[in-house]
Amino acid sequence: MAWYPGAIKMELQPESDSQPAIRPTQFIVHSIIAPWTARRTYEYWRDSTSLESHFGVDYEGTVGQYIGTETRADANAGANRRADGTGAVSAETASNTSGSDPWNDKQIEDLISIGAWLHEEHGIPLRICRSHSDPGYGYHSMFPQWSTSGTACPGKARIKQFNDIVFPGIVARATGKTPPFPQEDDVPHTLGLYDETDRSLVPDKWTTLPIEGVDLLKGASAYQAMVQVTGTVPEGSVLQGRFYHLRADNTRWTGGITERLATAGATFADFHNSGSIKPTEKLRFEIAYFPLDPEDNRSITLTTARCRGLYWK
C-alpha cells in the first residue's frame with residue numbers, strides 16, 4: 001500500500017488490512033459537508049460508519065490519510081473497486097454544512113499536491129475522466145455511478161474551482177509547466193447539473209426539462225452529455241427523451257429520440273447525446289411520457305434530474 005508523504009497517517013483498522021487491493025486509476029474529490037479537521041474526519045470514519053475515504057483535507061492545510069492508496073476505500077460507490085481490480089482514490093474536504101463554500105487556498109494547494117503525487121506514484125493520466133470508468137481526475141457528482149443515490153458534491157463553487165484551478169494546477173505541478181494554472185485548449189470542461197424540483201409530465205406531450213435552468217450549455221463547440229431522471233412511472237409505460245439545439249432565431253435542430261421502458265417502483269431513465277453547437281446556440285433537453293393505456297390521462301412526476309458530461313470551447 002502507498003502513503004502520501006505530505007499526509008499525517010491515521011490508519012483505519014480493520015479496513016486498512018481487510019479490504020481488497022486496488023490498482024488506482026482515478027482521483028475523485030468530495031466535500032464532507034462538515035467543517036471538520038482531518039483528525040475529526042478520521043474519528044468519524046473510525047466510530048460512526050463503515051464507509052471511508054483515503055484522504056481528509058481540512059481548512060488549516062492538514063491532510064490525513066486513512067487507507068493506503070492501493071487498498072479499496074468506500075466513498076465512491078461503483079468506482080471503489082471494479083471487477084478488473086481498478087479503483088478510485090478519494091479525498092474528503094472540509095466544507096460548511098450546506099456544501100456551498102469554495103475551497104480555501106490551503107485546500108487547493110493540498111488537492112493539487114495529492115493529485116500530482118498520484119500521477120507520479122500510480123501513473124493516473126493527466127486528464128479529466130471521460131466516463132465513470134475512464135482513468136483520470138474528477139469530482140463526486142460527475143457520474144451517477146460514483147454515487148448510490150445522487151449527489152451535488154462537492155458543490156457548485158468547488159466544481160468551478162476544480163475545472164479552473166485544481167485540475168490545471170495538478171497538470172502544471174506534475175509536468176513542471178508555468179504559469180502554475182494553464183488551461184489547455186484540448187482539456188474538456190465538465191458539465192454537472194442537478195435539480196430536485198418536482199416536474200409534472202402530462203401524457204403525450206414533449207416538455208423542455210429545466211435542470212438548474214433550461215439551457216444546459218451555451219457557447220460550447222462540442223459536447224458529450226447524459227440526462228438522467230428519476231420518478232415513479234407506471235410499469236410498462238414509456239419515457240422518451242431528446243436533446244435539441246435552439247438557434248438565435250428560435251428555430252432548432254432536434255436530435256434523435258431515445259426511449260426507456262418504465263419498471264416497477266422508481267424508474268431511473270438515462271438519455272445520451274453528443275454533438276456540436278454554434279456560439280449563438282443553446283443546448284436543451286425535452287422529455288415525453290406515453291402511458292401503457294392510451295386512455296390514461298393522468299400526469300406523472302419526475303423527482304430528480306441531472307445532467308452530466310464533458311464539453312469543449
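Note that the coordinates shown come from a computational prediction; the quantities given were computed from them, not determined experimentally.
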Among side-chain atoms of [X] and [Y], is any donor-acceptor pair under 3.5 angstrom?
X      : Y      : value
Ser16  : Glu11  : yes
Thr207 : Arg199 : no
Asp270 : His272 : yes
Asp198 : Thr301 : no
Thr208 : Tyr244 : yes
Ser31  : Arg158 : yes
Glu286 : Gln240 : no
Asp101 : Tyr59  : yes
Thr254 : Arg252 : yes
Tyr223 : Asn273 : yes
His122 : Thr69  : yes

Can you give me the closest heavy-atom contact between [X] and [Y], atom names plus distance?
X      : Y      : result
Pro234 : Ala262 : O-CB, 3.4 Å
His245 : Leu283 : CD2-CD1, 3.6 Å
Ala174 : His119 : CB-CD2, 3.7 Å
Ile28  : Tyr139 : CG2-C, 3.8 Å
Arg308 : Thr151 : NH2-O, 3.4 Å
Thr175 : Val171 : OG1-O, 2.6 Å

Is a side-chain donor or acceptor of [X] paired with a backbone partner of [Y] at a separation under 3.5 angstrom?
X      : Y      : result
Asp58  : Thr62  : yes
Asn96  : Ser100 : yes
Glu52  : Asp74  : yes
Glu212 : Asp195 : no
Ser141 : Cys153 : yes
Asn250 : Leu246 : no
Asp249 : Thr251 : yes
Ser95  : Ile33  : yes
Gln65  : Ala2   : yes
Gln107 : Asn104 : yes

CG (Asp105) with more than 12 external heavy atoms under 6.0 Å: no
Glu120 atom CD, over 12 foreign heavy atoms within 6.0 Å: no
Shared hydrophobic cluster, Trp312 / Met142 (ILVMFWY, side-chain heavy atoms < 4.5 Å): yes
Common cluster, Phe27/Trp103, ILVMFWY with side-chain heavy-atom separation under 4.5 Å: yes
Using 0.5 Å steps for rounding, measure from the [atom1] atom of [X] to the [atom2] atom of [Y].
X      : Y      : atom1 : atom2 : result
Leu216 : Ile211 : CG    : CD1   : 5.5 Å
Glu92  : Thr41  : CD    : OG1   : 7.5 Å
Glu15  : Ile67  : CD    : CD1   : 6.0 Å
Ser48  : Glu43  : OG    : CD    : 9.5 Å
Ile32  : His30  : CD1   : NE2   : 10.0 Å
Leu209 : Arg284 : CG    : CZ    : 12.0 Å

Steps toward ring-ring contact (aromatic ring centres under 6.0 Å, His included) verdict (Trp146, Phe143): CA-CA 6 Å; Trp146 294 354; Phe143 298 106; 5.1 Å; yes
Residue pair Asp204 / Pro291, side-chain heavy-atom distance below 4.5 Å: yes
Heavy-atom check, side chain of Tyr289 versus side chain of Ser299, under 4.5 Å: no
Val202 and Ile300: CA distance, side-chain angles, deciding distance, side-chain contact (heavy atoms from CB on, under 4.5 Å) verdict: CA-CA 7 Å; Val202 300; Ile300 64 164; over 6 Å; no
Chi angles and distances behind the salt bridge (charged side-chain N to carboxylate O under 4.0 Å, His left out) call for Asp296, Arg298: CA-CA 6 Å; Asp296 185 356; Arg298 292 174 296 176; 3.0 Å; yes
Test log, rule side-chain contact (heavy atoms from CB on, under 4.5 Å), inputs Ile114 and Val63: CA-CA 9 Å; Ile114 295 169; Val63 177; 4.0 Å; yes
Mutual orientation of the aromatic rings belonging to Trp206 and Phe290 [parallel < 30°, tilted 30-60°, perpendicular > 60°]: perpendicular
Geometric class of the Tyr44/Trp36 ring pair [parallel <30°, tilted 30-60°, perpendicular >60°]: tilted
Geometric cation-pi criterion Arg173 and Trp117, 6.0 Å radius, 45° cone: no
Working for side-chain contact (heavy atoms from CB on, under 4.5 Å), residues Val233 and Leu239: CA-CA 9 Å; Val233 185; Leu239 290 174; 4.2 Å; yes
Arg127 vs Asp134, salt bridge (charged side-chain N to carboxylate O under 4.0 Å, His left out): CA-CA, chis, key distance, verdict: CA-CA 10 Å; Arg127 64 173 183 244; Asp134 183 53; 3.0 Å; yes
ring-ring contact (aromatic ring centres under 6.0 Å, His included) assessment of Phe271 paired with Phe285: CA-CA 9 Å; Phe271 308 90; Phe285 176 80; 5.4 Å; yes
Worked check of side-chain contact (heavy atoms from CB on, under 4.5 Å) between Cys307 and Met226: CA-CA 6 Å; Cys307 182; Met226 181 273 293; over 6 Å; no
Candidates Leu111, Ile124, Val89, Val29 - the one meeting side chain to side chain contact (heavy atoms under 4.5 Å, CB included) with Tyr137: Ile124
